[in-house]
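Worksheet: one structure, shown below.
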Amino acid sequence: MSLLELKNISKSYKTAKVMPWKKAKQINALQDVSLTLEPGICTGLIGKSGSGKSTLARVIMGLEKPDAGQVIFKGADLSELNANSLKKMRRHFQMVFQDPYSALNPRMTIGKSIAEPLENYEKWNTAQTEDKVKELLEEVNLKAADAYKYPGQFSGGQLQRINIARALALRPELLVLDEVVSSLDTIAQVQVLDLLIKLQQKFQLSYLFISHDMHATKYIANQFIVMDHGEIAEQLSDAANVEEMKHPVSKELLSPAQKESKIDGINERKSCDKRDKKR
Ligand SMILES: Nc1ncnc2c1ncn2[C@@H]1O[C@H](COP(=O)(O)OP(=O)(O)OP(=O)(O)O)[C@@H](O)[C@H]1O
């Protein structure tokens, strides 16, 4: 059974009227999108700005209701679950957002922030929760003592690792990673990508790695989905053949002229190759 299946998802938005006598414009953010994610695989979802990537992430996470289509997680159509079953299912898929600063409450210690999902789901005592928080911090290469610090005491890369620890707290099977390295400098980008690769191997995680940066995506993904104007433009099941992609948007994102990536020039295939050999 696939981990996640999206069937014929469509989602449109109406823009505000510029003038009262003008008609509101409709934006088709997603048009009949179908895709499947398998366990233990990192799928790179790439596309230019406005192609619908974040809308797709929000639909998967239940933050947006699609106009049409189904989101099926482990065989269950999420729209058909009652609140209790949906809560139970939701622990298995978590999201990490682009901005590591705004994702954490600045007035809460990071230990408290990481503990929140545990307190919502697990019937643990304080000592058990604290032990788990410390274990999670060490998992993302931070120190147990960092639990008592506040977000303002960390760098962007460290904060993103804290957000990953929080997303991992409930031992999910799928992480939706929306532009998680875009706001970081080169060194922090590579640290976060290497950490994600390590965690994926250790916990057999499935990732939907959303990015407009082909270079960062090549570094981590096993397969690619390219989006354009709310539709799937191209899919590639083996990231090793990335140079063979044919769609004009794929070619544009691949081109050396697309120099947005800060990790350009780093040995992009190293981490994927290691995993490929394991499979
Ligand atoms: N809440 C909204 N209201 C109106 N239009 C929206 C809304 N959210 C997204 N859109 C529009 O839907 C389209 C897809 O947006 P989306 O953010 O999903 O694209 P994206 O590929 O994630 O882009 P980016 O990389 O810039 O975030 C865009 O035209 C965007 O302006």
Side-chain angles (χ1 to χ4, degrees), residues 3-4 39-40 42 57 60-63 73-74 76 78 81-178 180-181 183-184 187-209 220:
L3 188 59
L4 179 81
C42 175
I60 293 172
M61 298 309 298
L63 303 172
F73 192 79
K74 297 177 91 168
L78 298 185
L81 298 182
N82 63 29
N84 196 30
S85 308
L86 187 62
K87 186 181 175 194
K88 279 189 191 144
M89 198 60 104
R90 274 291 283 109
R91 68 174 297 154
H92 300 297
F93 55 104
Q94 299 288 329
M95 184 161 172
V96 183
F97 297 87
Q98 174 172 2
D99 181 2
Y101 299 92
S102 60
L104 293 162
N105 182 341
R107 283 183 289 277
M108 212 185 245
T109 63
I110 61 146
K112 277 251 169 247
S113 283
I114 296 173
E116 248 180 3
L118 295 168
E119 286 160 358
N120 280 337
Y121 275 89
E122 311 286 9
K123 291 183 174 62
W124 291 350
N125 62 33
T126 310
Q128 282 174 310
T129 304
E130 279 179 6
D131 284 350
K132 185 69 188 174
V133 166
K134 287 172 183 171
E135 183 192 312
L136 285 161
L137 281 168
E138 285 166 0
E139 207 74 83
V140 298
N141 306 329
L142 289 164
K143 294 191 186 73
D146 289 332
Y148 306 103
K149 295 182 185 168
Y150 289 85
Q153 295 173 267
F154 295 93
S155 68
Q158 287 172 324
L159 287 177
Q160 202 56 301
R161 286 189 271 140
I162 291 162
N163 284 311
I164 292 168
R166 190 174 197 264
L168 282 179
L170 300 174
R171 287 281 169 260
E173 291 162 69
L174 169 67
L175 286 191
V176 175
L177 305 163
D178 192 2
V180 290
V181 295
S183 64
L184 308 179
I187 293 171
Q189 278 204 356
V190 176
Q191 279 175 349
V192 169
L193 290 171
D194 283 340
L195 172 69
L196 287 169
I197 290 166
K198 183 193 91 175
L199 294 169
Q200 192 200 10
Q201 289 168 3
K202 185 164 178 185
F203 301 115
Q204 288 300 298
L205 287 161
S206 178
Y207 291 151
L208 184 63
F209 184 85
I220 186 168

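Sequential numbering from 1 along the given sequence is applied to the chain's residues. No hydrogens, no waters, no symmetry mates; every other heavy atom, side chains included, goes into these values.
For the pair Val176 and Val96, the minimum side-chain heavy-atom distance is 4.5 Å or more. The shortest distance between side-chain heavy atoms of Lys198 and Phe203 does not fall below 4.5 Å.
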Considering only distance and modelled atom types, tabulate donor-acceptor pairs under 3.5 Å from the side chains of residues 154-170, sequence neighbours left out.
{"unit_1": "Ser155", "atom_1": "OG", "unit_2": "Gln158", "atom_2": "N", "d": "3.2"}
{"unit_1": "Ser155", "atom_1": "OG", "unit_2": "Gln158", "atom_2": "OE1", "d": "3.3"}
{"unit_1": "Gln158", "atom_1": "OE1", "unit_2": "Ser155", "atom_2": "N", "d": "2.9"}
{"unit_1": "Gln160", "atom_1": "OE1", "unit_2": "Asn163", "atom_2": "ND2", "d": "3.2"}
{"unit_1": "Gln160", "atom_1": "NE2", "unit_2": "Phe97", "atom_2": "O", "d": "2.9"}
{"unit_1": "Gln160", "atom_1": "NE2", "unit_2": "Gln98", "atom_2": "O", "d": "3.4"}
{"unit_1": "Gln160", "atom_1": "NE2", "unit_2": "Val180", "atom_2": "O", "d": "3.0"}
{"unit_1": "Arg161", "atom_1": "NH1", "unit_2": "Val140", "atom_2": "O", "d": "3.1"}
{"unit_1": "Arg161", "atom_1": "NH1", "unit_2": "Asn141", "atom_2": "O", "d": "3.3"}
{"unit_1": "Asn163", "atom_1": "ND2", "unit_2": "Pro100", "atom_2": "O", "d": "3.2"}
{"unit_1": "Asn163", "atom_1": "ND2", "unit_2": "Leu159", "atom_2": "O", "d": "3.2"}
{"unit_1": "Arg166", "atom_1": "NE", "unit_2": "Ser113", "atom_2": "O", "d": "2.7"}
{"unit_1": "Arg166", "atom_1": "NH2", "unit_2": "Glu116", "atom_2": "OE1", "d": "2.4"}

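Under the side-chain contact (heavy atoms from CB on, under 4.5 Å) criterion, Leu81 pairs with Ala76, Leu78, Ser85, Leu86, Met89, sequence neighbours left out. Listed by chain and residue number, nothing satisfies the salt bridge (charged side-chain N to carboxylate O under 4.0 Å, His left out) test with Asp178 (two or more places apart in sequence, or in another chain). Taking the side-chain contact (heavy atoms from CB on, under 4.5 Å) definition, one finds that Tyr148 meets it with Lys134, sequence neighbours left out. Taking Phe93 as the reference, Phe73 meet the ring-ring contact (aromatic ring centres under 6.0 Å, His included) condition, with sequence neighbours excluded. Taking the salt bridge (charged side-chain N to carboxylate O under 4.0 Å, His left out) definition, one finds that Glu135 meets it with Lys132, Arg171, sequence neighbours left out.
To the nearest 0.5 angstrom, Ile197 atom CD1 is 8.0 Å from Cys42 atom SG. Atom CG of Leu174 is separated from atom CG of Leu4 by 6.0 Å, given to the nearest 0.5 angstrom. The CG atom of Asp131 lies 11.5 Å from the CG atom of Leu118; values are rounded to the nearest 0.5 Å. Separation of atoms CD1 (Ile114) and CG (Leu137) is listed at 4.0 Å; rounding is to 0.5 Å. Distance OG1/Thr129 to CD/Glu119: 6.0 Å, rounded to 0.5 Å. Ile110 CD1 to Leu142 CG: the interatomic distance, rounded to the nearest 0.5 Å, is 6.5 Å.
Atom NZ of Lys88 has 12 or fewer neighbouring heavy atoms from other residues, nucleotides or ligands inside a 6.0 Å radius. Ile187 CD1: 12 or fewer foreign heavy atoms inside a 6.0 Å radius.
No donor-acceptor pair closer than 3.5 Å links the side chain of Tyr101 to the backbone N or O of Pro106. Side-chain atoms of Gln153 come within 3.5 Å of backbone N or O of Tyr150 as a donor-acceptor pair. Under the 3.5 Å distance criterion, the side-chain polar atoms of Gln128 are matched with a main-chain donor or acceptor of Asn125.
A salt bridge links Lys149 and Asp146; the closest N-O separation between the charged side-chain nitrogens and carboxylate oxygens is under 4.0 Å.
Under the side-chain hydrogen bond (donor to acceptor under 3.5 Å, both in side chains) rule, Glu173 has a single partner from Gln94, Gln204, Lys74, Arg91, which is Lys74.
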